[in-house]
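Below you'll find the structure, written out as structure tokens, and then a few comments.
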Amino acid sequence: MPEENPLQAWVGTVQELNMIRFNDDGDGVARLEDVTVFVPGALPGESVRVRVVAAHKRHLVGEVVEWVTKQEVLLEGQASHNQAADNRVSPVRVTPMCPVFDRCGGCQLQHMSYTTALEHKRQVVGNALLRIGHLEKFEVLPTIGMDEPWRYRNQIQVPLRYDPKTEQLVQGFFASGSHSIIETTSCALVPRAVEETMAAVPRQISRVLGKESSAVHHLIIRHSMHTNEQMVILGVRKQPASVKDLIKSLFHPPIVSLAMTVQENPTGPVWGDSVEILAGKPSLKEQLDEVEFLISPRSFFQVNTKQAEVLTELARQRCAFQGDEIVLDAYCGTGTFSLTMAHHAKEIVGIEAVAPAVFDARENAKQNGIQNVRFEVGVVEHVLPRWVEQGIRFDVAVVDPPRKGCHPDVLQALVHANIPRVVYVSCNPATLARDVRILVDAGYQPGAFQPVDMFPQTNHVECVVSLVRSFVTP
Ligand SMILES: C[S@@+](CC[C@H](N)C(=O)[O-])C[C@H]1O[C@@H](n2cnc3c(N)ncnc32)[C@H](O)[C@@H]1O
């Protein structure tokens with residue numbers, strides 16, 4: 001018999017709660033007797049009538065029934081963009097741009113002023129360094145935000161569902177923590193031209209394929225902020241018979257590349273083993289700083305082109321190049337850091353697990369006439385320790401791992417190689433804090449942590465820190 005959760009008794013009850021702070025996801029946090037309650041959509045300083053909807057091991061989750069009254073406690077240092085006329089709500093509350101914000105799982109912070117969201121992200125980084133990294137002394141700088149924190153995404157993944165009644169595909173985004181689709185044809189995070197494609201393509205697919213359109217489960221759109229061209233990738237369970245008609249109806253400007261990936265398992269990942277280009281170019285052209293990037297369908301590219309320029313500039317500054325450094329770019333993707341740093345160092349070597357991204361990186365180096373970079377296909381935790389064993393030395397390492405952070409063998413190899421400076425770029429404060437702790441224990445000293453808002457309106461935050469070897473181990 002599974003053990004009964006005593007917090008379950010609260011579920012279904014309605015409580016009046018005072019929101020005291022944010023949790024890391026941007027939900028309001030309140031105390032109910034000695035239990036913590038997370039309330040999405042509620043802000044610190046608000047008193048809210050809340051229906052408890054779920055009980056977890058250590059906390060409850062509630063949904064807002066109604067706002068009751070605003071408390072005197074407001075968040076420190078947070079001016080309102082929108083002095084709310086409604087005195088029941090926090091002055092930092094703003095009207096969400098998106099009509100499905102409260103249901104869609106894509107954004108979490110549209111209901112607070114952008115200044116508040118930036119400060120919240122700074123605190124998320126600080127909390128992780130304290131609670132997970134157990135760092136005693138550190139500095140987190142104010143988050144670098146965007147002047148216009150909307151319509152910044154250069155790619156979007158849209159789940160599709162076939163409605164047998166209307167014989168049409170419907171599109172939208174997954175609700176938070178679920179695979180049920182919140183229907184919408186718009187998203188304020190992508191350029192208007194992407195919204196147009198997002199609305200038009202499912203309609204065209206339904207018209208051309210009829211019932212067969214039920215095989216199409218995802219629409220992926222990549223958009224070049226530089227050329228305004230688009231790549232459309234269809235995720236399908238099986239290749240439709242009338243693919244030629246589909247190409248004819250979809251392959252028009254701004255779509256310059258049309259591709260398909262077959263994934264037979266309906267509950268499997270979006271991408272199949274391969275991607276077939278059905279029409280047009282095999283890659284999209286984007287530009288960062290002065291460097292042109294070719295991006296093929298599966299290659300990772302920073303989703304926010306404008307802020308990627310901020311990020312690369314920042315990482316470059318933190319590398320403190322003199323011009324004669326040998327640099328490691330671990331988890332290099334299509335070579336974002338290597339290629340934008342190439343003129344500032346002697347030689348840069350990138351490692352990346354996804355082979356097509358490495359092919360793009362090599363091609364990108366060639367196209368830009370950059371000769372002092374090379375890229376290796378492989379997982380960093382295998383390649384780097386081998387190189388270090390072979391005596392290959394680096395002056396600077398840039399590491400930009402996925403959300404799960406660096407494999408312990410990567411951190412050990414960095415330490416073992418006595419690399420004087422490590423510039424860590426992270427999209428997950430929790431794993432950043434974990435990994436920084438390991439590097440600090442091995443003798444590295446972190447500089448100021450710089451959060452960058454790569455994903456406005458969402459609860460994600462990017463962070464850059466340089467760590468300098470303060471002593472050399474034998
Ligand atoms: C956060 S992205 C950074 C990409 C690149 N630095 C950029 O800014 O465009 C992480 C990259 O690591 C790659 N990756 C994930 N796990 C890896 C591993 N164990 N070894 C090598 N690359 C890995 C992913 O394919 C992805 O390209």
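For this chain, numbers begin at 1 and follow the sequence in order. Worth knowing before you read on, the calculation uses all heavy atoms, side chains too, and leaves out hydrogens, waters and symmetry mates. Order of listing sets the numbers, starting from 1, for every ligand and every atom in it.
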Using a distance-only test with no angle check, is there a side-chain donor-acceptor pair under 3.5 angstrom linking [X] and [Y]?
X: Asp289; Y: Thr340; result: no
X: Thr458; Y: Gln108; result: no
X: Gln171; Y: Thr185; result: no

Counting only heavy atoms closer than 4.0 Å, does ligand 1 sit against the backbone of [X], its side chain, both, or neither?
X: Cys427; result: neither
X: Cys332; result: backbone
X: Phe301; result: neither
X: Glu381; result: side chain

What protein heavy atom is closest to [atom], reported as residue, atom name and distance in Å?
atom: atom 20 (N) of ligand 1; value: Val380 N, 3.0 Å
atom: atom 23 (C) of ligand 1; value: Tyr331 CD2, 3.5 Å
atom: atom 11 (C) of ligand 1; value: Glu352 OE1, 3.6 Å
atom: atom 7 (C) of ligand 1; value: Thr336 OG1, 3.2 Å

Show me which atoms of ligand 1 lie under 4.0 Å from any heavy atom of [X].
X: Val354; result: 25 (O)
X: Gly378; result: 20 (N), 21 (C)
X: Pro401; result: 1 (C)

### Message
If the contact criterion is a heavy-atom separation under 4.0 Å, does Thr334 count as touching ligand 1?
### Response
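It does not; every heavy atom stays at 4.0 Å or beyond.
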
### Message
So for atom CD, which belongs to Gln390, do other residues, nucleotides or ligands contribute more than 12 heavy atoms lying within a distance under 6.0 Å?
### Response
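Yes, the 6.0 Å shell around CD holds more than 12 heavy atoms from other groups.
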
### Query
How close do Lys121 and His460 get, heavy atom to heavy atom, and via which atoms?
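Smallest heavy-atom distance, with atoms named: NZ-O, 2.9 Å.
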
### Query
Do the rings of His218 and Phe174 sit parallel, tilted or perpendicular, given the 30° and 60° boundaries?
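Plane angle over 60°, so perpendicular.
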
### Message
Is any side-chain heavy atom of Asp400 closer than 4.5 Å to one of Glu462?
### Response
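Heavy-atom side-chain distance check passes, below 4.5 Å.
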
### Message
Any heavy-atom pair between the side chains of Arg386 and Leu384 that's under 4.5 Å?
### Response
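Side-chain contact under 4.5 Å: no.
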
### Task
Measure the spacing between CD1 of Ile220 and CD of Gln155 and express it to the nearest 0.5 Å.
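Spacing of CD1 (Ile220) from CD (Gln155) equals 9.5 Å.
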
### Message
Quick check for you: to the nearest 0.5 Å, what is the distance between Glu229 atom CD and Arg222 atom CZ?
### Response
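Glu229 atom CD to Arg222 atom CZ measures 14.0 Å (nearest 0.5 Å).
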
Has ligand 1 got any nitrogen or oxygen that is less than 3.5 angstrom from a nitrogen or oxygen of [X]?
X: Ala353; answer: yes
X: Asp400; answer: yes
X: Gln302; answer: yes

### Task
Please assess Thr143 against Asp453 for the test side-chain hydrogen bond (donor to acceptor under 3.5 Å, both in side chains), listing each intermediate value before the final yes or no.
CA-CA 6 Å; Thr143 310; Asp453 196 15; over 6 Å; no

### Message
My understanding is that we take every heavy atom of each candidate and find the minimum distance to atom 15 (C) of ligand 1. Doing that for Ala357, Ser426, Gly350, Pro402, which one comes out nearest?
### Response
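Of the listed residues, Pro402 has the closest heavy atom.
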
### Query
Counting heavy atoms only, which of Phe337, Phe293, Phe300 comes nearest to atom 4 (C) of ligand 1?
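It is Phe300 that holds the nearest heavy atom.
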
